[in-house]
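Beneath this line is the structure, given in structure tokens, with notes to follow.
Quick note on labels: first sequence line is chain A, next is B, and so on, each numbered from 1. What's counted below: heavy atoms across the whole structure, side chains too, no hydrogens, waters or symmetry copies. These numbers come from a predicted model, not from an experiment.
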Amino acid sequence: QKEVEQDPGPLSVPEGAIVSLNCTYSNSAFQYFMWYRQYSRKGPELLMYTYSSGNKEDGRFTAQVDKSSKYISLFIRDSQPSDSATYLCAMRTFQGAQKLVFGQGTRLTINP
Amino acid sequence: GAVVSQHPSRVICKSGTSVKIECRSLDFQATTMFWYRQFPKQSLMLMATSNEGSKATYEQGVEKDKFLINHASLTLSTLTVTSAHPEDSSFYICSANRDQRTEAFFGQGTRLTVV
């Protein structure tokens, strides 16, 4: 079993829809959780960074962390064609060498 | 957010030559940087952890003599792919953190093609 599981998709939704992206993890020592967006042939771009259970909102994006269930989500409201990309969840422990553990990434397409 | 710059963004080299990729943290000092490799439609695979002033720590299965890492200053880490072969063609990405409790920022990536 992988430490972080993420449905690779692909996921295709119409413009304006609410998108829900999810990751589950097995290591209860993970304390920091990130969502990255990656366009083709580009480096990952940080979207959200959280370190506690609950919700964090930034514009159209909401990150949700449930440590008791070892489950994190990213919600995208009013999705736009420009949101079409691969979304990667990543997490790490507090200790150690700051190494990130990534999910497989979900390919998302927003159709106009 | 913090800026991490990676150079070059694309490089084509002949088989048997060496290629150097630079990763710079532009507005903060990074004692630790990370190098990843990414194959098409796959997630990032950590290759090594670059530590300023000391030897890099390589992940299992990564040849340290093949992928030389130097972290000579708090703002610069370099990855040199030595004696490159076509199978080394890939997308290489670096990342850096301001400190232990902050998020990681990534460079733009370098697409290496070995012909």
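- Annotation: side chain of B:I93 is not in contact with side chain of A:K42 (no heavy-atom distance under 4.5 Å).
- The CZ atom of B:F106 lies 5.5 Å from the CG atom of A:L100; values are rounded to the nearest 0.5 Å.
- Note that the OG atom of B:S95 and the OH atom of A:Y36 stand 7.0 Å from one another [nearest 0.5 Å].
- B:S43 places a side-chain N or O within donor-acceptor distance of the main-chain N or O of A:G103, the cut-off being under 3.5 Å.
- Put simply, NZ on A:K99 and OG1 on B:T57 are 8.0 Å apart, with the number rounded to the nearest 0.5 Å.
- Within 6.0 Å of NE2 in B:H85 there are more than 12 heavy atoms belonging to other residues, nucleotides or ligands.
- Under the 4.5 Å side-chain heavy-atom criterion for Ile, Leu, Val, Met, Phe, Trp and Tyr, A:Y32 and A:F61 are members of distinct hydrophobic clusters.
- Your options are A:Q6, A:Q31, A:Q38, and the one with the most heavy-atom pairs under 4.5 Å with chain B is A:Q38.
- Within a 6.0 Å radius of CZ in A:R77, more than 12 heavy atoms belonging to other residues, nucleotides or ligands are found.
- Other residues, nucleotides and ligands place no more than 12 heavy atoms under 6.0 Å from the CZ atom of A:R107.
- Criterion: ILVMFWY side-chain heavy atoms under 4.5 Å apart, direct or through other members. Under it, A:I76 and A:L46 are not part of a common hydrophobic cluster.
- Heavy atoms from other residues, nucleotides or ligands lying under 6.0 Å from NZ of B:K20 number 12 at most.
- Contacts between B:Q38 and chain A at a heavy-atom distance below 4.5 Å involve the side chain alone, from C-beta outward.
- In this structure, B:F105 is a member of the same hydrophobic cluster as A:Y51, with clusters built from ILVMFWY side-chain heavy atoms closer than 4.5 Å.
- The closest side-chain heavy-atom distance from A:E45 to B:Q108 is not below 4.5 Å.
- Taken from CZ in A:R92 to CG in B:N97, the straight-line distance is 5.5 Å, to the nearest 0.5 Å.
- The contact between A:R41 and chain B is made by backbone and side chain atoms together, counting heavy-atom distances below 4.5 Å.
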